[in-house]
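Just so we're clear, the structure is a prediction, and the values are computed from it rather than from any experiment. A note on names: the letters A, B, ... follow the listed sequences, proteins ahead of strands, and every chain is numbered from 1.
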2 protein chains.
Amino acid sequence: MSNRLHDPFRTAFDSLDEFADLISQVLKCPVTIEDSNHRLLAYSTHDERTDSARISTIIGRRVPEKVINQLWKEGTIPALLKTNEPIRVKSIDEVGLSNRVAISIWKQEEVIGFIWALEIDKSLTDDDFSLLKQAADAAKNKLLQLQTRKNKKEERSQEFFWKLLTGHLKVQEEILENFHTLQITPSSSFAVLVFQFNKNITSKEEQNISYLLKTNQRLKIMLYTIDCNQLILLISAEGLENPLSELEQFSKVFVLKMGDRYGVRDITPVLSGIYKDYQKIRQAYEETLSVLSVKQKFPFETKDIYNYQKLGIYQFLGLLLEKRKNEEYENYSLTKLHDYDQKHNSNLVETLEIFLNNDNNINDAAKELNVHANTLNYRLKRIAEIGEVNFKDPNQKMMLYVDLKLEKYQGI
Amino acid sequence: MSNRLHDPFRTAFDSLDEFADLISQVLKCPVTIEDSNHRLLAYSTHDERTDSARISTIIGRRVPEKVINQLWKEGTIPALLKTNEPIRVKSIDEVGLSNRVAISIWKQEEVIGFIWALEIDKSLTDDDFSLLKQAADAAKNKLLQLQTRKNKKEERSQEFFWKLLTGHLKVQEEILENFHTLQITPSSSFAVLVFQFNKNITSKEEQNISYLLKTNQRLKIMLYTIDCNQLILLISAEGLENPLSELEQFSKVFVLKMGDRYGVRDITPVLSGIYKDYQKIRQAYEETLSVLSVKQKFPFETKDIYNYQKLGIYQFLGLLLEKRKNEEYENYSLTKLHDYDQKHNSNLVETLEIFLNNDNNINDAAKELNVHANTLNYRLKRIAEIGEVNFKDPNQKMMLYVDLKLEKYQGI
DNA sequence: GAACCTTTTGTGAAAATCCCCAAAAAGTGA
DNA sequence: TCACTTTTTGGGGATTTTCACAAAAGGTTC
């Protein structure tokens with residue numbers, strides 16, 4: 001056959017599955033159709049020859065994440081997003097991928113899906129490539145229908161999510177009903193995750209985000225929405241062994257991928273605590289916002305904190321400052337140390353802070369201060385003397401830590 | 001001479017010093033007259049023979065504290081407070097005291113002073129004892145005059161102190177003027193010290209307190225007053241090298257002496273911070289009251305804390321609890337640990353608390369828990385896993401500590 | 001009761017921390 | 001300048017802490 005022949009795909013067909021079988025018949029190889037997020041839309045059944053990647057894709061109704069990652073790294077997906085020509089993929093044994101050809105399905109300037117053809121017995125010819133292009137074109141309309149249906153659902157879920165975030169849904173039954181209508185199974189525990197971008201999120205970035213979230217298979221994202229420069233997610237924490245660390249891991253990977261794949265950098269992820277009661281979503285959301293505000297005030301000390309839980313004392317530093325303002329308290333030890341520093345041009349206060357920052361570890365703190373461990377020891381002895389500090393008393397140390405940070409806070 | 005002869009002290013005399021010389025002449029030995037607080041009121045000058053204790057008493061215009069302590073320990077002062085008979089004191093070399101005889105001066109049921117006669121060359125006879133009794137009786141009126149003058153001054157200072165404590169004196173000049181009128185030199189820094197008794201202070205105890213305070217030579221007590229079951233002091237912190245520890249030391253000694261000497265137990269001392277501005281006395285006073293209230297709530301954890309400075313996190317636990325109530329926050333790690341404890345009948349939470357209480361010292365904590373250090377290590381590993389706690393992060397640990405204590409606070 | 005898991009305790013070697021001493025360097029004041 | 005104090009650094013040994021491993025004890029489940 002040649003591309004000058006009659007287009008075999010210009011026939012009516014009811015379902016995408018039927019269409020997949022048609023392509024499979026024409027090209028004589030197994031065919032899979034995915035949406036832009038690599039979710040399985042349809043697959044041919046007439047042919048039993050297949051590879052393990054295709055099997056897991058069909059079983060999971062989506063392309064396995066490690067396969068997607070591999071295809072990104074190796075350049076296939078970036079290529080598919082640039083051209084509407086078929087792309088040949090060499091077999092990748094690590095992920096069970098045999099030789100195949102892929103083509104992207106376009107709607108104007110946007111990729112809305114992919115067709116995959118496995119080259120199990122035969123390699124596809126140039127003519128086959130042309131047929132594939134025609135098939136991609138023919139698939140477009142069917143996919144668009146699916147998309148609009150999805151869009152409507154998405155709109156409804158957006159509205160619902162904002163109601164939850166702002167605490168407008170107060171009745172448990174009502175919340176559960178909404179989840180049911182949107183065909184989302186509410187999980188027994190959840191967290192709110194916010195990614196703050198350094199500028200407002202463009203619609204192009206929105207698509208990229210959507211792609212990343214949909215292709216992610218680590219966590220179940222129940223709802224998500226975008227607000228100016230913030231991407232807000234409601235994530236299920238059900239069945240996770242270490243929810244906090246897994247959520248953190250996920251956000252790190254997301255930030256990494258946004259940078260690597262789309263060149264979007266400076267994204268700050270923040271997490272709420274984990275809750276079971278859906279009426280507390282608003283509170284969880286407020287937690288994330290408060291983390292963001294603290295991170296702005298203490299960028300250095302909170303650089304590894306993304307989680308409201310782990311904010312530690314920073315959770316209430318603002319509150320304390322207010323108390324302090326009212327009572328004109330001053331930390332006696334710190335005052336004396338400051339005085340000494342001033343008089344003798346030393347830096348006992350800084351030494352103390354770094355020591356406390358480093359969890360009382362002399363070696364680590366000495367390294368950070370670029371002094372000998374014995375020097376630090378000596379200074380600590382002096383600090384204990386001058387400031388009348390007992391370094392065996394956790395309470396005293398905490399107070400010093402808090403007051404040191406409060407000083408900084410005030411300095412801002 | 002015998003006691004049947006004419007009383008040689010029934011003559012008029014202008015000053016107590018003159019009177020001391022008279023006694024000295026009659027008894028033929030050096031004589032010293034003190035008030036009830038062992039402050040020097042008068043001493044004979046006709047005789048140069050003396051001992052080192054007397055010299056320091058005259059130089060310092062008060063009996064040295066170590067001498068007083070010795071006389072208490074050894075029973076002389078308690079005896080003098082019981083009887084109006086002369087008491088003989090054997091020489092005590094450690095404090096430079098040679099043989100002497102003492103007698104107390106009474107006004108009704110109360111001792112208002114002492115007369116000391118040194119037995120340098122001769123021992124006093126029974127007749128001399130009778131004479132001493134007559135002398136003590138004759139000294140009474142003179143001492144009473146001095147007392148009433150003092151009382152008036154004390155009343156004025158009481159009023160002044162309360163004005164300071166309640167913040168009614170806001171002008172620096174006015175405060176200084178008051179100090180000047182009362183012939184008190186205001187020191188450059190001060191602290192408020194409160195002793196809380198377990199019941200209202202009786203007038204008998206008031207005298208004992210006054211005695212202890214006046215005979216103390218460690219610290220300069222600028223003002224003091226009594227309010228129901230509280231003894232409130234304004235103490236100078238000038239010239240002290242380690243004011244906080246010296247103040248603590250002083251309060252410990254005071255509590256000890258009240259117990260040992262007068263059988264008054266269960267006294268809780270509390271200290272404010274150290275301030276320089278006299279307008280902050282009210283604040284300092286409020287600090288002490290807040291320490292007392294915290295100590296009531298956390299008797300165990302604050303059992304070694306007497307100082308607002310050293311309250312540490314307990315300084316603001318109440319405030320935090322309020323915040324927590326509003327935001328319905330729960331510490332994820334603690335929740336998980338509690339759950340685990342419940343399910344497996346373990347005590348990870350308690351373990352964690354004791355570990356944190358002991359400044360992360362595994363050995364100490366293991367001892368307190370009565371388990372092997374390795375057991376504690378194992379538990380901590382489990383705590384880190386189950387509660388997703390990183391024990392290298394001081395911030396996380398502080399948060400756990402705070403939340404643990406808050407739980408207790410709520411439990412109260 | 002057997003199989004399995006969790007917890008406790010013990011042992012010992014490696015690693016680290018602590019502590020004392022002393023020398024050098026830096027700073028201070030007459 | 002010199003004497004003096006304070007601070008820094010280094011060495012090295014005693015002590016503690018840490019860690020891995022193993023055995024025993026206690027609990028749970030089938």
Residue that, paired with B:Phe250, satisfies side chain to side chain contact (heavy atoms under 4.5 Å, CB included) out of B:Leu193, B:Leu271, B:Val255:
B:Leu193
Checking the side chain of [X] only, and the main-chain atoms of [Y] only, is there a donor and an acceptor separated by less than 3.5 Å?
X	Y	answer
A:Asp359	A:Asn361	no
B:Asn395	A:Leu311	yes
B:Glu238	B:Ser187	no

Please enumerate all residues that pass side chain to side chain contact (heavy atoms under 4.5 Å, CB included) together with B:Asn390, with sequence neighbours excluded.
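B:Asn390 satisfies side chain to side chain contact (heavy atoms under 4.5 Å, CB included) with B:Lys392, B:Asp393, B:Gln396 only.
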Test side chain to side chain contact (heavy atoms under 4.5 Å, CB included) applied to A:Thr335 - qualifying residues, sequence neighbours left out:
A:Glu330, A:Asp339
Would you mind reading off the bend of the helix from C:dG1-D:dC30 to C:dA30-D:dT1 from its two end axes, five pairs each, to 10 degrees?
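Nearest ten degrees gives 40° for this helix.
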Can a side-chain donor-acceptor contact be found between B:Tyr275 and B:Glu287 if the only test is distance below 3.5 angstrom?
yes
Pairing donors with acceptors under 3.5 angstrom, does anything connect the side chains of A:Lys220 and A:Thr185?
yes
For B:Glu353, which of B:Lys408, B:Arg379, B:Lys397 qualifies under salt bridge (charged side-chain N to carboxylate O under 4.0 Å, His left out)?
B:Lys408
Contact state string [nucleotides 9-30 of chain D, B base, S sugar-phosphate only, - no protein heavy atom under 4.0 Å]
BBB-----SSBB----------
Outermost DNA chain C nucleotides near chain B [under 4.0 Å, heavy atoms]:
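So the contact region on DNA chain C extends C:dT6 to C:dT11.
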Any residue meeting salt bridge (Lys or Arg N to Asp or Glu O under 4.0 Å) with B:Asp403, in chain and number order, not counting sequence neighbours
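B:Asp403: salt bridge (Lys or Arg N to Asp or Glu O under 4.0 Å) contacts with B:Arg324.
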